Amino acid sequence: MTNDIYGPFPGSPEFTAALTEGQRVRYEELGTNLDVVERRIADACAAAGRAREEVTLVVVTKTYPAEDTALLAGLGVTDVAENRDQDAAPKAEQCRNLPLDWHFVGQLQTNKVRSVVRYANHVHSVDRLRLVESLSAAVLKAERPELGCLVQVALDKAHGEGEHRAGVAPEDVAQLADAIADTPGLRLDGVMTVAPLAGPLAGDPARAFDRLAEIATAVRAAHPAATMVSAGMSGDLEQAIAAGATHVRVGTAVLGVRSPLR
């Protein structure tokens, strides 16, 4: 690459002028997709009687190159997410000078924790005490600021389904939230879920997100600063916003259909 799109001033006239022809085509494509998603979010907020500023768009860039992440930064995206450390770590390093807030949203193995805490500001997928302990140890060793953590809620586990899925059952959320809040180096930010694939709430994201809202309210009653509710993706962001989501995780609607994971 002959130009540098990874500098600290994305979106400046110099940035756009330096794009190659291929980059410019992708930049315009991403911009068009972002406009559509932004309209969807704004319309959903209006329908729910909420201010647009109450909802943060987190663009999930998994399987896409760092170049796309830099182009998104040039388009004003501030929050990006990854779900595999082996992809996220080099991408975050390449984009380290860009004004981006990195979210880790995938199932996190403890042997990847030391790497993840080098770049992530939020981990949405905290679902077990051992992970809480590992994250704390890594944060303290790295001498970095507190790491924002969300309890991942597996709504289907309330009905005996999804035994091997990531996340904790609704009845276990309070205990894990307390543990995060009481652990050095970590900050309890809130809760996260994915619309369940099994159980009574499967295929009904509106009801699923309403249930998450109830859980989030209970968490905030004990921990008032834990205001994040991460829910909703490309296909169901409207239902999530209607239920009170503060962060929607959108990938395909912005970046296009993903290539298969290798």
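Computed from a prediction, not measured in an experiment: that's the story for all the values here.
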If we only count heavy atoms from C-beta on, is the L212 to V153 side-chain gap below 4.5 Å?
-> yes

One should read off an interatomic distance between L72 CG and E67 CD, to the nearest 0.5 angstrom, of 11.0 Å

Side-chain touch H122/H247, heavy atoms, less than 4.5 angstrom = no

Closest non-hydrogen atom pair between A253 and N33, with its separation = O-CB, 3.4 Å

Flag for D79-T56: side-chain donor and acceptor within less than 3.5 Å = no

Could you tell me which non-hydrogen atom of V229 sits nearest to which non-hydrogen atom of G244, and how far apart they are?
-> CB-O, 4.0 Å

Flag the pair Q107 / S125 as yes when at least one side-chain heavy-atom distance between them is below 4.5 Å, and no otherwise.
-> no

Side-chain heavy atoms of Y119 within contact of L100, under 4.5 Å = no

Identify the two heavy atoms, one from G31 and one from L75, that lie closest to each other, and give their separation to 0.1 Å.
-> N-CD1, 3.5 Å

Between SG of C149 and CG of L186, what distance do you get to the nearest 0.5 Å?
-> 4.5 Å

Do the charged groups of K62 and D87 touch, with an N to O distance under 4.0 Å?
-> no

Are side-chain heavy atoms of L108 and L135 found at a separation under 4.5 Å?
-> yes

Any side-chain heavy atom of L131 within less than 4.5 Å of one from V113?
-> yes

Side chain to side chain, L71 and L19, heavy atoms closer than 4.5 Å | yes

Between the main-chain N or O of D68 and the side-chain N or O of R26, is there a donor-acceptor pair closer than 3.5 Å?
-> no

Between the side chain of R207 and the main-chain N/O of D210, is any donor-acceptor distance below 3.5 Å?
-> no

Any chance you could lay out the side chain to side chain contact (heavy atoms under 4.5 Å, CB included) test for K157 and V168, step after step, and finish with the verdict?
-> CA-CA 7 Å; K157 287 187 176 180; V168 298; over 6 Å; no

Report yes or no: do D178 and H223 form a side-chain donor-acceptor pair below 3.5 Å?
-> yes

At their closest point, which heavy atom of G232 faces which heavy atom of A240, and how far apart are they?
-> CA-CB, 3.5 Å

So how far is it from M192 CE to Q152 CD, rounded to the nearest 0.5 Å?
-> 3.5 Å

What do the steps show when you test S136 against V132 for side chain to side chain contact (heavy atoms under 4.5 Å, CB included), and what is the final call?
-> CA-CA 6 Å; S136 172; V132 171; 5.6 Å; no

Check the pair S230 / R249 against side chain to side chain contact (heavy atoms under 4.5 Å, CB included), numbers first and verdict last.
-> CA-CA 7 Å; S230 173; R249 311 179 305 274; 2.8 Å; yes

Check the pair V60 / N83 against side chain to side chain contact (heavy atoms under 4.5 Å, CB included), numbers first and verdict last.
-> CA-CA 8 Å; V60 182; N83 74 331; 5.9 Å; no

Same apolar cluster (I L V M F W Y, side chains within < 4.5 Å links), L34/I5 = yes

Closest non-hydrogen atoms of T227 and R220, given as atom of the first, atom of the second and distance, are CA-CD, 4.0 Å

Indicate if L147 and F104 have the same hydrophobic cluster label, given that clusters are the connected sets of ILVMFWY residues with side-chain heavy-atom separations under 4.5 angstrom.
-> yes

Any side-chain heavy-atom pair from D156 and L197 closer than 4.5 angstrom?
-> no

Shortest non-hydrogen contact from A242 to A48?
-> CA-CB, 4.1 Å

Thinking salt bridges, do R96 and E93 make one under a 4.0 Å N-O criterion?
-> yes

Is there a donor-acceptor pair closer than 3.5 Å between any side-chain N or O of D236 and the backbone N or O of M233?
-> yes

With hydrophobic residues grouped by side-chain heavy-atom distances under 4.5 Å, do V248 and Y64 end up in a single group?
-> yes

If we ignore angles and hydrogens, is there a donor and acceptor under 3.5 Å between the side chains of E82 and T61?
-> yes

